[in-house]
Amino acid sequence: MIKKVHVKKGDSVTVLSGKDKGKKGKVLTVFPSEGKVIVEGVNMVTKHKKARTAGDPSGIIHQEAAIYADKVMVNCNKCGQASRTGVKMLADGQKARYCKKCGEIIE
(Lines give C-alpha, C1' and ligand atoms only; values in the text may rest on other atoms or scores of the structure.)
Protein backbone atom coordinates (compact mmCIF):
# COMPACT_ATOMS: atom_id res chain seq x y z
CA MET A 1 0.00 0.00 0.00
CA ILE A 2 1.38 3.38 -1.03
CA LYS A 3 1.16 6.09 1.62
CA LYS A 4 1.21 9.84 1.06
CA VAL A 5 4.45 11.68 1.76
CA HIS A 6 4.54 15.48 1.96
CA VAL A 7 7.95 15.79 0.30
CA LYS A 8 9.07 15.11 -3.25
CA LYS A 9 12.40 14.27 -4.84
CA GLY A 10 14.42 17.47 -5.27
CA ASP A 11 12.76 19.40 -2.41
CA SER A 12 14.94 21.44 -0.07
CA VAL A 13 14.19 20.31 3.49
CA THR A 14 15.21 20.93 7.11
CA VAL A 15 15.60 18.09 9.64
CA LEU A 16 13.40 18.62 12.71
CA SER A 17 14.73 16.02 15.16
CA GLY A 18 17.47 13.51 15.78
CA LYS A 19 21.25 13.71 15.63
CA ASP A 20 21.12 15.88 12.47
CA LYS A 21 18.56 18.38 13.82
CA GLY A 22 18.72 21.72 11.99
CA LYS A 23 20.61 20.44 8.96
CA LYS A 24 19.35 21.40 5.52
CA GLY A 25 19.61 19.30 2.41
CA LYS A 26 18.03 18.15 -0.81
CA VAL A 27 15.78 15.07 -0.99
CA LEU A 28 17.52 12.43 -3.10
CA THR A 29 15.00 9.58 -2.86
CA VAL A 30 11.50 9.07 -1.47
CA PHE A 31 10.13 5.70 -0.27
CA PRO A 32 6.35 6.23 0.11
CA SER A 33 5.65 2.62 1.11
CA GLU A 34 8.03 2.94 4.09
CA GLY A 35 7.35 6.64 4.77
CA LYS A 36 11.07 7.41 4.53
CA VAL A 37 13.33 9.76 2.58
CA ILE A 38 17.05 10.04 1.87
CA VAL A 39 18.39 13.58 2.34
CA GLU A 40 21.73 14.75 0.99
CA GLY A 41 24.35 14.97 3.79
CA VAL A 42 21.98 13.77 6.54
CA ASN A 43 22.13 10.51 8.57
CA MET A 44 25.55 9.52 7.26
CA VAL A 45 26.48 5.89 7.94
CA THR A 46 29.66 3.92 7.32
CA LYS A 47 29.43 0.87 5.13
CA HIS A 48 32.12 -1.75 4.67
CA LYS A 49 32.17 -2.54 0.96
CA LYS A 50 33.89 -5.47 -0.69
CA ALA A 51 35.11 -5.16 -4.28
CA ARG A 52 32.98 -7.33 -6.56
CA THR A 53 35.20 -7.01 -9.63
CA ALA A 54 38.82 -6.01 -10.15
CA GLY A 55 37.93 -2.37 -10.97
CA ASP A 56 35.47 -1.76 -8.11
CA PRO A 57 36.61 0.25 -5.09
CA SER A 58 36.52 -1.39 -1.69
CA GLY A 59 36.88 -0.20 1.88
CA ILE A 60 34.83 1.92 4.26
CA ILE A 61 32.31 4.09 2.43
CA HIS A 62 30.25 6.93 3.92
CA GLN A 63 26.72 7.27 2.54
CA GLU A 64 23.29 8.64 3.44
CA ALA A 65 20.72 6.37 5.07
CA ALA A 66 16.94 6.78 5.06
CA ILE A 67 15.12 8.76 7.75
CA TYR A 68 11.40 9.06 8.45
CA ALA A 69 9.64 11.67 6.32
CA ASP A 70 7.91 12.95 9.48
CA LYS A 71 11.28 14.27 10.69
CA VAL A 72 11.72 16.70 7.77
CA MET A 73 9.93 19.88 6.77
CA VAL A 74 9.95 21.57 3.35
CA ASN A 75 11.86 24.87 3.00
CA CYS A 76 9.99 27.69 1.26
CA ASN A 77 11.80 29.38 -1.64
CA LYS A 78 10.45 32.84 -0.84
CA CYS A 79 10.62 33.13 2.96
CA GLY A 80 13.52 30.65 3.32
CA GLN A 81 12.03 28.98 6.40
CA ALA A 82 10.84 25.46 7.05
CA SER A 83 7.06 25.48 6.86
CA ARG A 84 4.04 23.27 6.48
CA THR A 85 2.57 22.83 3.06
CA GLY A 86 -0.97 22.91 1.78
CA VAL A 87 -2.62 22.23 -1.56
CA LYS A 88 -4.27 24.93 -3.69
CA MET A 89 -6.30 24.57 -6.85
CA LEU A 90 -4.90 26.85 -9.54
CA ALA A 91 -6.99 28.72 -12.13
CA ASP A 92 -6.24 26.10 -14.80
CA GLY A 93 -7.56 23.31 -12.54
CA GLN A 94 -4.20 21.86 -11.44
CA LYS A 95 -3.14 21.25 -7.86
CA ALA A 96 -0.09 23.03 -6.44
CA ARG A 97 1.67 22.91 -3.07
CA TYR A 98 2.03 26.19 -1.19
CA CYS A 99 3.81 27.50 1.92
CA LYS A 100 1.38 28.04 4.79
CA LYS A 101 3.55 30.83 6.26
CA CYS A 102 3.79 33.17 3.26
CA GLY A 103 1.34 31.64 0.75
CA GLU A 104 3.93 31.24 -2.03
CA ILE A 105 3.60 28.33 -4.47
CA ILE A 106 6.35 25.72 -3.93
CA GLU A 107 7.92 24.34 -7.10
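Put simply, the side chain of D20 gets close to the backbone of N43: a donor and an acceptor are under 3.5 Å apart. The closest donor-acceptor contact from the side chain of H48 to the backbone of I61 lies at 3.5 Å or more, if one exists at all. With hydrogens and angles disregarded, no donor-acceptor distance shorter than 3.5 Å links the side chain of E104 to the backbone of K78.
A cation-pi arrangement, defined by a distance under 6.0 Å to the six-membered ring centre and an angle within 45 degrees of its axis, is absent between K36 and F31.
In this structure the side chain of K8 reaches within 4.5 angstrom of the side chain of R97, judged on heavy atoms. The shortest distance between side-chain heavy atoms of K95 and L90 does not fall below 4.5 Å. A 4.5 Å side-chain heavy-atom check between I106 and V74 finds at least one atom pair inside the cut-off. Side chains of V7 and V13 form a contact here, defined as non-hydrogen atoms less than 4.5 Å apart. Using a 4.5 Å heavy-atom threshold, the side chains of L16 and V72 count as separate. Under the 4.5 Å side-chain criterion, counting only non-hydrogen atoms from C-beta, I38 is not in contact with V27. In this structure, the side chains of T29 and V37 stay at 4.5 Å or more apart for every pair of heavy atoms.
Going from atom OG of S12 over to atom CE of M73 covers 13.0 Å, rounded to the nearest 0.5 Å. Between the CZ atom in R84 and the SG atom in C99 there is a gap of 12.0 Å [rounded to 0.5 Å]. Considering NE2 of H6 and CG of D11, their distance stands at 8.5 Å, rounded to 0.5 Å. Taking NZ of K47 as the start and CD of Q63 as the end, the distance is 4.5 Å to the nearest 0.5 Å. Expressed to the nearest 0.5 Å, how far NZ of K9 lies from NZ of K26 amounts to 8.5 Å. In this structure, NZ in K71 is found 4.5 Å from OG in S17, a value given to the nearest 0.5 Å.
Within a 6.0 Å sphere centred on NZ of K50, other residues, nucleotides and ligands contribute 12 heavy atoms or fewer.
T85 approaches K100 most closely through the heavy-atom pair O-CE, 3.8 Å. For the pair E34 and Y68, the tightest heavy-atom approach, listed with the atom from each and the gap, is O-CE2, 4.3 Å. The shortest non-hydrogen separation linking M44 to E64 is SD-CG, 3.6 Å. Residues P32 and V5 come closest through the heavy atom pair CA-CG2, 3.7 Å. Across all their heavy atoms, A65 and V45 have their closest contact at CB-CG1, 3.9 Å.
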Report task. Would you check, one step at a time, whether the test side-chain contact (heavy atoms from CB on, under 4.5 Å) holds for I67 with V42? Result -> CA-CA 9 Å; I67 61 171; V42 174; 4.2 Å; yes
